[in-house]
Amino acid sequence: MTAAGPPAGEVRVRALVVDDEPPAREILRCLLDADPEVEVAGECADGQEAVAAVRRLRPDVVFLDVQMPGLDGLGVVEALAPDELPLVVFVTAYDAYAVKAFEVHALDYLLKPFDDERFGEALARVKDTLRRRQVDAATRRLVALLDGRGAPAGAAEATDADGPPQRLLVRSGGRVVYLKPEEIDWIEAADYYVRLHAGGRRHLLRESLAALEERLDARRFARVHRSAIVNLERVRELHPGVGGGAVLVLEDGTRLPVSRRLRRRFEELLAE
């Protein structure tokens with residue numbers, strides 16, 4: 001007796017989540033768990049683990065972070081044979097490279113910070129591809145990207161993914177706006193998000209403070225305590241604080257504590 005499959009028009013999706021940031025993995029897992037047609041087969045925190053998991057679990061799709069220490073997202077794809085590759089949805093914070101390369105060659109990409117609607121569009125595309133049995137064609141497009149890696153159409157105009165971002169995409173009043181890092185006054189942690197303070201306005205970005213700190217220019221931005229980063233050019237005053245710490249005052253009057261552990265390095269950066 002043959003087991004009954006899913007109802008006509010439905011498709012079962014086994015997904016693998018790969019990101020070196022735990023909050024990013026949790027966001028993806030929550031979004032995937034909300035869909036009854038999706039099973040999260042596993043999670044990975046680095047590229048080597050991802051390669052092994054793809055071979056062991058044989059997922060239908062992998063939501064794959066591009067920027068990871070060690071073996072990055074493209075390295076994961078290169079390490080797998082074409083017949084081992086599931087569908088790939090890249091997750092990236094670098095909009096220029098994503099738009100000019102991944103959109104053409106990968107099944108889809110999610111540009112951080114993405115919202116639930118954009119995630120839904122990517123997942124719907126995954127389901128449609130599986131439903132139409134077009135996995136082989138999608139894999140061939142991805143292999144084509146790697147064959148010409150580093151030289152997609154328009155790549156000369158793209159932001160260098162190894163350098164600090166030239167702009168951040170944030171949502172404001174239902175619109176997506178581009179915020180230049182130099183416009184930011186300071187940044188605070190807000191659970192799985194960060195809150196960007198810029199010119200009297202606040203913007204939420206779906207990214208951890210630690211991940212954003214790694215991407216920002218260390219000559220311009222500095223961590224002052226575990227939940228805040230400041231633009232050094234906005235610092236107006238620095239006063240001694242209790243317990244060996246300090247209190248800084250920004251140009252707009254905002255006062256922020258500087259931890260004792262970070263004070264010395266912060267003062268060195270201000271003096272440069």
Side-chain angles (χ1 to χ4, degrees), residues 19-24 45-46 65-72 92-98 111-113 156-172 176-272:
D19 199 300
D20 63 310
E21 289 288 333
D46 60 63
D65 186 21
V66 176
Q67 294 296 123
M68 295 184 292
L71 189 68
D72 65 9
T92 177
Y94 297 99
D95 59 307
Y97 193 53
L111 180 62
K112 298 177 181 178
E157 302 172 6
T159 300
D160 183 358
D162 291 327
Q166 295 181 2
R167 57 186 181 175
L168 298 170
L169 277 76
V170 297
R171 300 192 177 275
S172 177
V176 175
V177 298
Y178 294 99
L179 185 67
K180 296 179 181 179
E182 58 264 30
E183 296 176 306
I184 299 172
D185 300 321
W186 68 287
I187 307 164
E188 66 175 320
D191 294 326
Y192 298 137
Y193 296 77
V194 292
R195 185 173 291 110
L196 310 177
H197 296 259
R201 296 188 176 185
R202 297 185 298 177
H203 308 276
L204 276 179
L205 188 63
R206 185 179 282 182
E207 186 167 359
S208 72
L209 192 68
L212 183 58
E213 181 181 18
E214 289 184 1
R215 296 201 294 122
L216 291 171
D217 188 345
R219 297 166 299 180
R220 181 188 296 270
F221 291 91
R223 178 85 71 118
V224 293
H225 61 78
R226 61 188 178 90
S227 59
I229 293 172
V230 299
N231 183 340
L232 296 173
E233 295 182 359
R234 299 293 194 274
V235 177
R236 188 179 70 197
E237 301 171 6
L238 185 66
H239 304 281
V242 296
V247 176
L248 65 85
V249 182
L250 300 183
E251 291 178 349
D252 64 0
T254 299
R255 300 174 67 88
L256 296 171
V258 180
S259 72
R260 178 177 58 83
R261 181 176 63 86
L262 297 172
R263 177 179 176 177
R264 182 170 182 176
R265 176 55 182 159
F266 181 68
E267 291 176 334
E268 290 173 352
L269 289 170
L270 286 177
E272 289 180 0

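Looking at every heavy atom in both residues, D20 comes nearest to P69 through OD2-CD, 3.5 Å. Pairing each heavy atom of E251 with each of E233, the nearest pair is OE2-O, 3.3 Å. In plain terms, the two heavy atoms of V224 and P257 that are nearest each other are CG2-O, 3.7 Å. Residues G199 and D185 come closest through the heavy atom pair N-OD2, 2.9 Å. Between R263 and V258, the closest heavy-atom pair is CA-CG1, 3.7 Å.
Note that the CZ atom of R265 and the OG atom of S259 stand 13.5 Å from one another [nearest 0.5 Å]. Here R219 contributes atom CZ and L269 contributes atom CG; the two are 11.5 Å apart, rounded to the nearest 0.5 Å. In this structure, the separation between CG on L270 and CG on L248 is 8.0 Å, given to the nearest 0.5 Å. Remark: F266 CZ to H225 NE2 distance equals 10.5 Å, nearest 0.5 Å. Taking CZ from R202 and CG from L196, the interatomic distance works out to 11.5 Å, rounded to the nearest 0.5 Å.
The side chain to side chain contact (heavy atoms under 4.5 Å, CB included) search around R264 returns E268, not counting sequence neighbours. Listed by chain and residue number, K112 satisfy the side chain to side chain donor-acceptor pair (under 3.5 Å) test with D19 (two or more places apart in sequence, or in another chain).
Other residues, nucleotides and ligands place no more than 12 heavy atoms under 6.0 Å from the CZ atom of R226.
Side-chain atoms of T92 and D65, non-hydrogen and from C-beta on, never get closer than 4.5 Å to each other. Looking at heavy atoms from C-beta onward, R220 lies out of side-chain contact with L232 at the 4.5 angstrom threshold.
The one candidate from T254, N231, I229 that meets the side-chain contact (heavy atoms from CB on, under 4.5 Å) condition with W186 is T254.
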Would you tabulate the side-chain donor-acceptor contacts of residues 237-246 under 3.5 Å, counting partners in other chains and residues two or more places apart, or write 'none'?
residue	atom	partner	partner atom	Å
E237	OE1	H239	NE2	2.8

Given R223 and L209, is the side chain to side chain contact (heavy atoms under 4.5 Å, CB included) satisfied, shown in steps?
CA-CA 9 Å; R223 178 85 71 118; L209 192 68; 3.6 Å; yes
